[in-house]
Amino acid sequence: MPEVILSDYFYGDESEEFVFFKIPRQLITNPKFKHVSTDAKLLYGMLLDRMSLSARNGWYDDTGRVYIYYSVDEICGDMTCGRDKAMKLLAELDTKKGIGLIERIKQGQGKPTKIYVKRFTTRTVPPKPAPSSPEPFAPISQVDFSNMQKSEIPTSRGRKNRLPEVEKTDPNYTKRIQTELIQPDPSISPQKPPAAGLEIDRYERRKELKANIDYERLRREHPCDDIDDLLELMLDVVCSTAPTIRISGGDIPTEAVRDRFLQLDSEHIQYVIDALNQTTTKINNIRAYLLTALYNAPVTIGPYYSAAVRHDFR
């Protein structure tokens, strides 16, 4: 039997070390809440935590509904933000102006505002997966990714592509994205006349990707060219017939890369765009860089935004 090790006592505020704020998973993953900011979601978790005070203090109205008190000044102190931002976050969650996760009732006469924290459920039934059938692929490849790193522009042999979040920041970098994306890359084979089956598959895949990433909403919130360029890059990967695709200096089976790209949603695209807006280091092969960023997005998005929240609290 393994030995049980007893640790030291808790001292002072160490008793708070294992107390956490809980945020409902659907608030992060459900498309209905994609437009709610990360800070507003965190504030909702903090409001839920305050519900434990209601039982101790008897904060119930005449109908038995639970309410809490959480002043704007307290929110400013806990979230290390200004009053305007605190008011904006409350409005984002409010019934009248926001998503409807809380309801605020002003009492007047100098009394604090009551906050009713609401429960929610989407009651969405996951769709049944469609029966899979072999898809026809023509024996030609529109894009060859096997030699992606061989660019006309000199690159350093000893340096590998790094993730966007570890680069230095420069908001002016995105001005170069569009022009670099349209430059011909000698590592990509000349385009051959497409077979009819491949064109049909590409059309269907484009519709699938647009649905996955909430294409129309992204085009309303970001420059259309940036969204279209990322969509076409994803489409090249999903429709590629090459055996492997080069990601961050290594060759990965195309099927594995295709599966990863089909998991991407609007949050991942938003994350890649945010990362690009904060990148300053000159990128010699922008296509290979974006491939790496998109491929790693499902794995790195969580730590990226968690680090951003921790930074805001400092």
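Basis for what follows: all heavy atoms, side chains included, without hydrogens, waters or symmetry-related copies.
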Side chain T254, main chain T244, donor-acceptor under 3.5 Å: yes

Test log, rule side chain to side chain contact (heavy atoms under 4.5 Å, CB included), inputs L262 and L209: CA-CA 7 Å; L262 289 174; L209 290 174; 4.0 Å; yes

CD1 on I213 to CE on M234, rounded to 0.5 Å: 5.5 Å

Carboxylate-amine/guanidinium contact R202 D236, below 4.0 Å: yes

Minimal non-hydrogen separation, Y295 against A256, with atom names: CE1-O, 4.5 Å

For I23, side chain to side chain contact (heavy atoms under 4.5 Å, CB included) partners two or more places apart: L27, I28, L42

Separation between CD1 of I273 and CG of L218, rounded to the nearest 0.5 Å: 6.5 Å

For T292 against S248, the heavy-atom pair lying closest together: OG1-N, 3.2 Å

Stepwise side chain to side chain contact (heavy atoms under 4.5 Å, CB included) test for H35 and I99: CA-CA 9 Å; H35 66 283; I99 193 65; 3.8 Å; yes

Distance, nearest 0.5 Å, that separates CG of D229 from CD1 of I286: 10.0 Å

Single-linkage hydrophobic cluster Y67~I105, side-chain heavy atoms < 4.5 angstrom: yes

Sub-4.5 Å side-chain heavy-atom contact between K34 and R217: yes

Atom CE of M51: over 12 foreign heavy atoms under 6.0 Å: yes

From CG (L294) to OH (Y289), nearest 0.5 Å: 10.5 Å

Interatomic spacing from CZ in R246 to CG in N285 - rounded to 0.5 Å: 11.0 Å

Sequence-distant partners of E74, side chain to side chain contact (heavy atoms under 4.5 Å, CB included), two or more places apart: R50, Y70, S71

V72 vs T113, side chain to side chain contact (heavy atoms under 4.5 Å, CB included): CA-CA, chis, key distance, verdict: CA-CA 10 Å; V72 174; T113 300; over 6 Å; no

OG-CD distance between S266 and E216, expressed to the nearest 0.5 angstrom: 13.0 Å

Close side-chain approach of K106 to K111, heavy-atom, < 4.5 Å: no

Minimum heavy-atom distance K118-G100, with the two atoms named: CD-O, 3.6 Å

More than 12 heavy atoms from other groups under 6.0 Å of NZ on K114: yes

All pairs passing salt bridge (Lys or Arg N to Asp or Glu O under 4.0 Å) where residues 90-101 contributes a residue, at least two apart: D94-R104

Heavy-atom side-chain proximity of D39 to K85 below 4.5 angstrom: yes

Q270 and D274: side chain donor to acceptor below 3.5 Å: yes

Parallel, tilted or perpendicular: rings of Y69 and W59 (30°, 60°): perpendicular

Heavy-atom closest contact (Y215 atom, L231 atom, distance): CE1-CD2, 3.8 Å

Beyond-backbone contact of L43 with L90, side-chain heavy atoms, under 4.5 angstrom: yes

Full working for side chain to side chain contact (heavy atoms under 4.5 Å, CB included) between K22 and L48: CA-CA 8 Å; K22 296 180 180 179; L48 285 177; over 6 Å; no

Check: I102 main-chain N/O paired with T95 side-chain donor or acceptor under 3.5 Å: yes

Check: Y116 and L47 side chains under 4.5 Å, non-hydrogen atoms: no

Which atom of I75 lies closest to which atom of A86, heavy atoms considered: CG2-CB, 3.9 Å

Whether R258 side chain and S240 backbone form a donor-acceptor pair below 3.5 Å: yes

V237 versus V257, closest heavy-atom pair with distance: CG1-CG1, 3.5 Å

Distance-only side-chain donor-acceptor flag, Y271 / T300, under 3.5 Å: yes

Any donor-acceptor N/O pair, D265 side chain to H268 backbone, under 3.5 Å: yes

